[in-house]
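Reminder, nothing fancy here: chain letters follow the sequence lines and each chain counts from 1.
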Number of protein chains: 2
Amino acid sequence: MTTLHEPLTTSHEPLITMQNVPIALLGCGTVGSGVARLLTEDADYIAQRTGLNVKVRYVLAKQANPRAREALASAKWVDSLAPILADPDVQIVCELIGGDGFALTCAREILKSGRSLVTANKAMLAKHGKELFTLAHQAGGCIGFEASCAGGVPLFVSLRDGLVANRINAIYGILNGTANYILTEMSDQDKPYAQALAEAQAAGYAEADPSFDVQGIDAGHKIAIIAAIAFGADIDLDSVPIEGIAGLALDDILYARELGYTIKLIAAAQRVGEGIMLRVHPALVPRSNQLAHVKGPFNAISIFGHATGHVLLLGRGAGQSPTASAVVSDIVDIALGHAHRRFQTLRIWPGKTQAAQIVDTDQLFSRCYVRLTVVDRPGVMAQVTKIFGDCGISLSGLLQKEVAAGGTVPIVITTHLAREGDLRQAIEQIARLNVVKAPPVWFRVLEMPDEALDTSDTWHRKD
Amino acid sequence: MTTLHEPLTTSHEPLITMQNVPIALLGCGTVGSGVARLLTEDADYIAQRTGLNVKVRYVLAKQANPRAREALASAKWVDSLAPILADPDVQIVCELIGGDGFALTCAREILKSGRSLVTANKAMLAKHGKELFTLAHQAGGCIGFEASCAGGVPLFVSLRDGLVANRINAIYGILNGTANYILTEMSDQDKPYAQALAEAQAAGYAEADPSFDVQGIDAGHKIAIIAAIAFGADIDLDSVPIEGIAGLALDDILYARELGYTIKLIAAAQRVGEGIMLRVHPALVPRSNQLAHVKGPFNAISIFGHATGHVLLLGRGAGQSPTASAVVSDIVDIALGHAHRRFQTLRIWPGKTQAAQIVDTDQLFSRCYVRLTVVDRPGVMAQVTKIFGDCGISLSGLLQKEVAAGGTVPIVITTHLAREGDLRQAIEQIARLNVVKAPPVWFRVLEMPDEALDTSDTWHRKD
């Protein structure tokens with residue numbers, strides 16, 4: 001038998017006419033260099049798979065990786081958008097600068113000119129998405145943003161194409177690799193938060209100022225973008241409640257493990273009646289849930305479609321080649337002409353979409369984990385449990401470990417489903433007891449929605 | 001704030017021109033009824049998302065679900081392909097009959113006429129794919145087959161679009177829901193195989209004759225199709241080595257658990273030099289691997305792309321609505337015109353693709369689990385371990401539990417990486433020892449490939 005051959009040589013006649021696609025790259029940092037690499041080292045492979053010769057014709061970048069400079073030596077290295085906007089052959093521009101300063105200025109110009117924008121810039125989309133999508137709709141271009149959320153994961157292509165027949169009912173995700181890396185180090189190695197963070201920084205998974213990631217802000221941006229696409233809704237970014245993992249106590253990691261859970265930073269979006277619930281917070285994830293087993297810098301998204309039921313997508317959320325892979329998939333999608341019509345039907349942000357009613361989470365029901373630090377003397381447990389009882393909260397699990405008498409003792413409680421407003425009230429009352437010696441720590445326990453697939457006879461039985 | 005509104009009312013101007021897409025359904029069984037349901041109950045939603053009015057104009061079916069008959073009352077119920085082939089408006093036909101009798105006859109006629117075929121029929125594709133893809137290429141139509149493998153999982157859309165920039169290096173999957181349901185019942189409930197099978201049959205997850213599923217044949221068909229697409233190779237279905245789970249001993253489930261593994265039926269495809277490894281077999285999956293946590297009727301596929309690294313997709317492998325969802329995603333993809341050009345670049349099956357060199361697995365290296373039943377007397381362990389040593393196989397773990405003296409005792413061994421040919425030889429020699437009282441049972445331990453992502457400075461450092 002002859003061997004597997006990759007890529008095919010020119011002895012095989014091309015089945016279709018090749019199409020030249022000159023593009024512009026704005027920014028040649030980590031992701032830009034990664035895109036340069038894919039488009040040069042793998043040019044033949046991409047051409048063979050897609051029938052497209054994608055070539056970087058312009059680069060607008062302050063600095064660049066030397067290898068990328070070499071690979072793109074035949075491109076025109078420019079210092080403004082002007083030459084790009086003057087070249088009608090270039091209809092696709094990749095914004096890989098980041099932030100919402102110069103990147104936003106460029107994005108506006110590109111879209112106003114009727115061109116299409118491919119971006120990895122989630123902060124810009126989360127804050128300025130409405131404006132940018134409106135510009136695109138008006139001028140006839142489109143925006144590719146697969147690289148903006150969970151780059152290595154085929155998320156938007158799955159939501160919009162694979163799951164096109166589905167109403168999306170809920171999305172639960174681990175969307176920030178920095179936070180997940182830290183939590184994995186804490187859970188798998190029993191490291192305290194500060195040590196796990198320091199190691200994440202040393203390994204390049206966390207920034208010197210990690211707050212954007214560990215406070216859940218990045219995850220909040222991403223779930224807002226994903227929910228807008230998945231629910232076809234206009235999301236007000238500032239209405240997403242966010243709680244991060246900064247300063248998480250190793251004790252909670254250990255207690256959670258003992259109870260059968262792993263703590264993860266969960267970004268959640270779910271239909272609730274006519275509104276949507278949208279939030280980011282640490283949660284105890286049961287070990288029976290795949291999300292509990294997402295390690296290190298990986299991201300994962302659980303999607304609940306009304307026809308598919310549960311679908312999970314997992315992959316690297318960041319990194320040069322995974323993000324560059326997503327950028328290239330968008331370039332191909334736009335160049336093949338697939339994106340334009342689909343973009344027109346995306347009913348988000350341009351003022352034609354209804355604003356989403358974000359549900360008040362106090363009305364939602366959750367299970368909770370609560371850790372109290374109390375004095376070790378008679379009557380304490382009775383006081384604490386009475387408050388839960390008075391607030392209508394039923395207890396599911398309770399752990400109190402023996403400690404040397406006379407000091408403080410931790411009590412760990414898990415509740416059954418209870419109204420979050422009632423939980424909050426109970427915890428506030430407990431915090432005010434004089435026997436409680438530290439602010440209570442509490443986390444939600446993650447409960448995924450029912451898939452609610454109809455397996456009844458109605459559509460199944462034969463004549 | 002106004003509420004989330006789904007679907008949008010006609011007070012919102014459509015952004016694009018709607019396109020009518022009349023289709024034909026062949027077969028109105030479980031999947032056909034599911035497609036009928038999605039296309040009627042969710043017609044507005046699909047139209048709004050895609051700009052397409054997909055309507056079933058013809059149904060060719062011997063029998064049907066009454067609800068589906070009602071939903072498709074305005075379609076023409078025909079008893080041959082002729083009226084469909086005579087109607088130039090209908091360019092997309094869904095073959096949801098199954099098998100390779102009448103379904104194959106229809107598929108040939110549809111494709112020869114230049115029309116496009118959407119199918120869920122993996123057996124037909126695995127056996128006749130080459131012929132059918134050739135017909136499609138010659139006549140100008142295409143074939144949508146997302147529903148044929150892991151229906152609820154957006155697998156092919158991810159492989160071909162999301163991961164378009166990637167050379168796929170390996171695929172490891174749990175592709176048969178029947179086998180996985182049985183294994184989950186055994187692992188989670190400590191049930192013997194026969195009981196787990198009976199319960200799977202009672203619950204509708206296994207057929208009266210389950211051999212196609214439990215012997216791994218179905219998974220073999222699927223991995224052959226997936227590998228052909230992912231590697232762009234011509235796969236000879238009969239060259240895929242297949243081992244199933246029929247008669248799996250509960251003891252192995254329990255020992256595997258004790259050693260930190262879960263037994264799964266794994267379908268694997270991986271590049272090895274210029275060839276590919278392709279096979280289906282039960283394997284011990286480490287609990288650190290997400291595949292170990294795939295439960296019940298769910299399927300999951302781990303994909304290793306050269307740029308993305310590891311991507312995992314999980315979802316329902318079967319069931320009315322997940323499969324119907326995949327069928328509709330193909331109808332949309334073809335109707336939007338996305339599929340034709342992509343289909344032309346698919347270099348599989350039509351005789352223009354190199355035949356895959358399937359690697360002889362005896363040359364591959366694996367870790368193994370071996371369970372022996374030996375007499376409980378002096379010298380046995382020495383005999384057994386000497387054979388492993390003589391064959392160059394290093395032992396990783398060994399378990400022998402105390403039993404009442406004088407009978408037989410189980411010995412469980414795990415090996416380090418060893419050449420499979422040497423492992424086979426060692427096990428054959430051990431089997432011939434007169435102290436070994438039952439055929440040795442052995443399984444591979446699943447080792448996933450390195451992602452091999454380049455994080456070196458070369459493409460990362462700045463000027």
Side-chain angles (χ1 to χ4, degrees), chain A residues 1-5 12 15-16 30 33 37-38 45-46 49-51 63-67 152 154 157-158 161-167 231 233 274-276 290 293 307-309 311-316 321-322 325 328-329 332 338 344-345 352 354-357 453 458-463, chain B residues 1-5 12 15-16 30 33 37-38 45-46 49-51 63-67 152 154 157-158 161-162 164-167 231 233 274-276 290 293 307-309 311-316 321-322 325 328-329 332 338 341 344-345 352 354-357 453 458-463:
Chain A
M1 271 195 249
T2 50
T3 59
L4 174 67
H5 185 99
H12 295 269
L15 298 175
I16 52 167
T30 301
S33 301
R37 182 175 193 177
L38 283 178
Y45 178 72
I46 291 169
R49 283 197 84 178
T50 64
Q63 45 168 194
N65 163 268
R67 190 71 188 79
V157 65
S158 294
D161 295 344
L163 273 64
V164 66
N166 289 263
R167 278 190 307 283
F231 300 138
E274 292 289 310
I276 55 178
Q290 268 97 12
H293 305 280
T308 53
V311 173
L312 176 89
L313 311 174
L314 174 149
R316 288 182 169 274
S321 59
S325 166
V328 174
S329 77
V332 168
H338 297 175
Q344 291 303 315
T345 56
K352 291 198 183 296
Q354 305 279 21
Q357 179 187 41
L453 295 181
T458 316
W459 287 86
H460 281 81
R461 68 185 172 85
K462 308 292 197 294
D463 287 317
Chain B
M1 272 193 249
T2 49
T3 58
L4 173 68
H5 186 100
H12 296 268
L15 298 175
I16 52 167
T30 301
S33 301
R37 182 175 193 177
L38 282 179
Y45 178 72
I46 291 170
R49 283 197 83 176
T50 64
Q63 43 168 197
N65 162 270
R67 191 72 187 79
V157 65
S158 294
D161 295 344
V164 67
N166 289 262
R167 279 190 307 282
F231 301 138
E274 292 289 310
I276 54 178
Q290 268 97 11
H293 305 280
T308 53
V311 173
L312 175 90
L313 311 174
L314 174 149
R316 288 182 169 275
S321 59
S325 167
V328 174
S329 76
V332 168
H338 297 176
R341 184 185 176 92
Q344 290 304 315
T345 56
K352 292 196 184 296
Q354 305 279 21
Q357 179 187 43
L453 295 182
T458 316
W459 287 86
H460 280 81
R461 67 186 173 86
K462 307 293 196 293
D463 288 318

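- Across every non-hydrogen atom of R67(A) and W459(B), the tightest pair is CG-CE2, 3.3 Å.
- Annotation for A165(A) and V328(B): closest pair CB-CG1, 3.7 Å, computed over non-hydrogen atoms.
- Each of T458(B), L38(B), I46(B) has some count of heavy-atom pairs under 4.5 Å with chain A, and the biggest count is that of T458(B).
- With a threshold of 4.5 angstrom between heavy atoms, V164(A) approaches chain B through its backbone and through its side chain.
- Looking only at side-chain heavy atoms (C-beta outward), R316(A) and L453(B) come within less than 4.5 Å of each other.
- Looking at heavy atoms from C-beta onward, N65(A) lies in side-chain contact with R461(B) at the 4.5 angstrom threshold.
- One distance of note links NE2 of H293(B) with NE2 of H293(A); it measures 4.0 Å at 0.5 Å rounding.
- With a 4.5 Å cut-off on non-hydrogen atoms, L313(B) touches chain A through its backbone and its side chain both.
- Shown here for L314(B) and Q290(A), the closest heavy-atom pair between the two residues is CD1-NE2, 3.3 Å.
- The shortest non-hydrogen separation linking N166(A) to R49(B) is O-NH1, 3.4 Å.
- The OG1 atom of T30(B) sits 5.5 Å away from the NE2 atom of H460(A) when rounded to the nearest 0.5 Å.
- Of the listed residues (G309(A), A307(A), S329(A)), the one with the most heavy-atom contacts under 4.5 Å to chain B is A307(A).
- Comparing P322(A), S158(A), G315(A) by heavy-atom pairs within less than 4.5 Å of chain B, the highest count is held by P322(A).
- Shortest non-hydrogen contact noted between V157(A) and G162(B) is CG1-CA, 4.0 Å.
- For chain B, the nearby parts of L163(A) are the backbone and the side chain; heavy atoms of each come within less than 4.5 Å.
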